[in-house]
Amino acid sequence: MSVLSDRDIRSALESGDITIRPYDAHDLQPSSVDLHLDRSFRVFRNNRYPYIDVRAPQPDLTELLTIADDEPFVLHPGEFVLGQTLEWVELPNDLVARLEGKALALDTPVPTPLGWRTMSELEPGDFVFDETGAPTMIVAATPSIAGRPCREVIFSDGTRVLADAAHQWATVDKNGRRHGRARVGVRTTDEIAQTVRYDGELNHHVPLAGAVQYPDRLDLPIEPYTLGAWLGDGTTTAAAITCCDDEILAQISGDGYPVRRLEYAKHLYSIGATGRTRDVASGRYVRNETLSSRLRNLGMREGKYVPRPYLEAGVGQRVALLQGLMDTDGFVDDVAGRCEFTSINEGLADAVVELVASLGFRPIKSQGRATLNGRDCGPKYRVKFTPDRPVFRLPRKLARQKPVGARFHRFRAIDVVREVASVPVRCIQVASPRGVFLVSRSFIPTHNSSLGRLGLLIHSTAGYVDPGWKGNLTLELSNVANLPIALYHAMKIGQISFFGMSSPVDRPYGSPELGSKYQGQSEPTASAFHRDFENGRGGAVEEQAKRR
């Protein structure tokens, strides 16, 4: 089946193949139509029956309530009611439709001011980051939701995010980029899937986030620039660095570490060597405040890595760490302003990817072969990115990092959206006015529906709306938040998408021989499952069971 575009939906509405009444052209989205909430609700009165009997009519199990135009219907925590769409919908014999909600996979990594969490771990009162990089509070969260159609969204830098098919993203499409504009629109995963490419180009670009604002760290044992420089060109056998640039040595000295040239090796300098300390009782050397002792305390003598506190430090501290790494193992293209970090240590390269992404840039990691005098020395890892701020302190490199200005591309493109097996998903609501928060190790902004973020779960009572359907759509409304939710007449309640079938159906919904129980409904309609027994279908199944 293929999803109808806005152009095809508009044409079907104009020709009368699809009927939506009332209809406002402003409700037409790229591949769906916004629907609204009617004023009628069917509330369950569970105290009237000892149990629900699917074979009995039980007419008093629910009660129909109607609200005035300006009166809220209050849905309490844990409450489940039936509502319906304000719109009457009619479908032809060759289309089906679906009403959707939004969510992200439970194992989606989410950066927070206290470190990385997953969607499954987040709770109201926790903080995440908004699209500017500022902390924003989670004000509501849904439980795990199973059975949702899921898609894998693959970005141009290789990042992968698993999302609900109706999860929303704030993207700039090709039309929104015309004439130097950057007009952002909110689109579902499946809407993006239908328009991934336009005229052979990647159509949807997601804006880069601002530098995430972790709190400044007062407990970093080594100044970030010095640690970055040592990670780039330092030796693991001692607190020493191989260096040909006096400016780098001056920066390290400025961090408070004396630098002294070692006579036994060319361009090798000791850092922070202030003498060793003996224990008075044992007479053995003990660790002190020298750089060597601090590196040992961090476990750096067993291998270089970036400790988590440095990756989750303040913006200025992370910039200083990156500058130390780039001054030693970085390169800049003086034509396009592209920067590159290279290392044979993949763990170090991965840390640079996270570091660069957390500062609001778009890193791309690749792998090659390291060679020396024509000899293959194993794999090497490159991290390429184009910054709009200085990432060097070394004057000769800083001079080559020309300002990119308007040429700086503050987006990452969506490359592929593919269908995957359903996994449990979840929504959160954040206090940020735009309702956007960051996910994945690439700090990608994502957007949820307002109702999903409020903890209101909305489902159509039918998985698909069948060909030939006529009527208002009954909705299942569940409040999974901790506070009551006020619902209002005519508020937006969801989006309906339309799918073309391979051929028109022989027996559309409403055909006499089908016994279609809900055709033409104009109010929230309780289950009519008992009619299957009245028609003998349920009884036939029961009789077959008796014969076994």
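The figures that follow rest on heavy atoms only: side chains count, while hydrogens, waters and symmetry mates do not. As the structure is a prediction and not an experimental result, all values here were calculated from the model.
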By side-chain hydrogen bond (donor to acceptor under 3.5 Å, both in side chains) - contacts of Thr159 (at least two apart): Asp157, Ser442

Presence of salt bridge, Glu354 and Lys365, under 4.0 angstrom: no

Test item: Thr371 side-chain N/O and Gly374 main-chain N/O as donor-acceptor pair under 3.5 Å: no

Heavy-atom pair of closest approach, residues Leu325 and Gly232: CD2-N, 4.4 Å

Distance in Å, Phe443 CZ paired with Phe437 CZ, rounded so as to fall on 0.5 Å steps: 14.0 Å

Nearest non-hydrogen partners of Pro390 and Val319, listed with the distance: O-CG1, 4.5 Å

Beyond-backbone contact of Trp169 with Val153, side-chain heavy atoms, under 4.5 angstrom: yes

Contacts of Phe73 that satisfy ring-ring contact (aromatic ring centres under 6.0 Å, His included) - sequence neighbours left out: Phe41

For Thr195 against His204, the heavy-atom pair lying closest together: OG1-NE2, 2.7 Å

Heavy-atom side-chain proximity of Ser432 to Glu131 below 4.5 angstrom: yes

Check: Asp164 main-chain N/O paired with Thr189 side-chain donor or acceptor under 3.5 Å: yes

Min side-chain heavy-atom separation Phe341-Pro363 under 4.5 Å: no

Whether Thr118 side chain and Asp107 backbone form a donor-acceptor pair below 3.5 Å: no

Side-chain donor or acceptor of Thr226 paired with backbone N/O of Ile222 under 3.5 Å: no

Gap between atom CG of Leu295 and atom OG1 of Thr236 - 0.5 Å precision: 10.0 Å

Residues forming a salt bridge (Lys or Arg N to Asp or Glu O under 4.0 Å) with Asp216, sequence neighbours excluded: none

Side-chain heavy-atom pair Leu202, Asp415 within 4.5 angstrom cut-off: yes

Nearest atoms (heavy-atom pairs only) where Val184 meets Pro207: CG2-CG, 4.3 Å

Partners passing salt bridge (Lys or Arg N to Asp or Glu O under 4.0 Å) against Glu419 (at least two apart in sequence or in another chain): none

Side-chain donor or acceptor of Gln317 paired with backbone N/O of Gly314 under 3.5 Å: yes

Distance in Å, Ile271 CD1 paired with Arg294 CZ, rounded so as to fall on 0.5 Å steps: 12.5 Å

Set of residues satisfying salt bridge (Lys or Arg N to Asp or Glu O under 4.0 Å) with respect to Asp126, sequence neighbours excluded: none

Shortest non-hydrogen separation from Leu311 to Ala351 and the atoms involved: CD2-O, 3.7 Å

Ionic contact status for Asp388 with Arg410, cut-off 4.0 Å: yes

Straight-line distance of Ser343 OG to Leu348 CG, nearest 0.5 Å: 4.5 Å

Test log, rule side chain to side chain donor-acceptor pair (under 3.5 Å), inputs Tyr305 and Asn345: CA-CA 9 Å; Tyr305 74 100; Asn345 182 335; over 6 Å; no

Donor-acceptor under 3.5 Å (Arg160 side chain, Ile154 main chain): no

Residue list, side-chain hydrogen bond (donor to acceptor under 3.5 Å, both in side chains) with Asp219, at least two apart or on another chain: Arg217

Interatomic distance, Leu394 atom CG to Arg400 atom CZ [nearest 0.5 angstrom]: 10.5 Å

Lys397 side chain to Met326 backbone, donor-acceptor under 3.5 Å: yes

Under 3.5 Å, which donor-acceptor pairs do the side chains of residues 241-251 form with other protein atoms, sequence neighbours left out?
unit_1	atom_1	unit_2	atom_2	d
Asp245	OD1	Arg396	NE	3.0
Asp245	OD2	Arg396	NH2	3.1
Gln251	OE1	Arg393	NH1	2.9

Over 12 non-hydrogen atoms of neighbours within 6.0 angstrom of OH in Tyr198: no

Side-chain heavy-atom pair Leu227, Leu220 within 4.5 angstrom cut-off: no

Check: Tyr310 side chain, Gly228 main-chain N or O, donor-acceptor pair, under 3.5 Å: no

Contact list for residues 118-152, test ring-ring contact (aromatic ring centres under 6.0 Å, His included), sequence neighbours left out: Phe129-Tyr214

Check: Arg261 and Leu268 side chains under 4.5 Å, non-hydrogen atoms: no

Charged N-O contact under 4.0 Å between Asp190 and Arg151: yes

Qualifying residue for side chain to side chain donor-acceptor pair (under 3.5 Å) with Asp173, from His205, Arg187, Arg183: Arg187

Partners meeting salt bridge (Lys or Arg N to Asp or Glu O under 4.0 Å) with Lys384 (sequence neighbours left out): none

Side-chain donor or acceptor of Lys304 paired with backbone N/O of Trp230 under 3.5 Å: yes

Rounded distance [0.5 Å steps], CZ in Arg338 versus CD in Gln401: 13.0 Å

Over all atoms of both residues, closest heavy-atom pair of Ser440 and Val161: CB-CG2, 4.1 Å

Leu355 vs Arg318 side-chain heavy atoms within contact, under 4.5 Å: yes

Test side-chain hydrogen bond (donor to acceptor under 3.5 Å, both in side chains) applied to Asp233 - qualifying residues, sequence neighbours left out: none

Asp130/Arg434 ion pair, N-O < 4.0 Å: no

Selection residues 373-382 - residue pairs positive for salt bridge (Lys or Arg N to Asp or Glu O under 4.0 Å), sequence neighbours left out: Glu340-Arg382, Arg369-Asp376

Residue Leu262 excluded, over 12 heavy atoms near CG under 6.0 Å: yes

Set of side-chain hydrogen bond (donor to acceptor under 3.5 Å, both in side chains) partners for Glu223, sequence neighbours left out: Tyr257

Residues Arg197 and Glu201 bridged, charged N to O under 4.0 Å: no

Check: Leu438 and Val128 side chains under 4.5 Å, non-hydrogen atoms: no

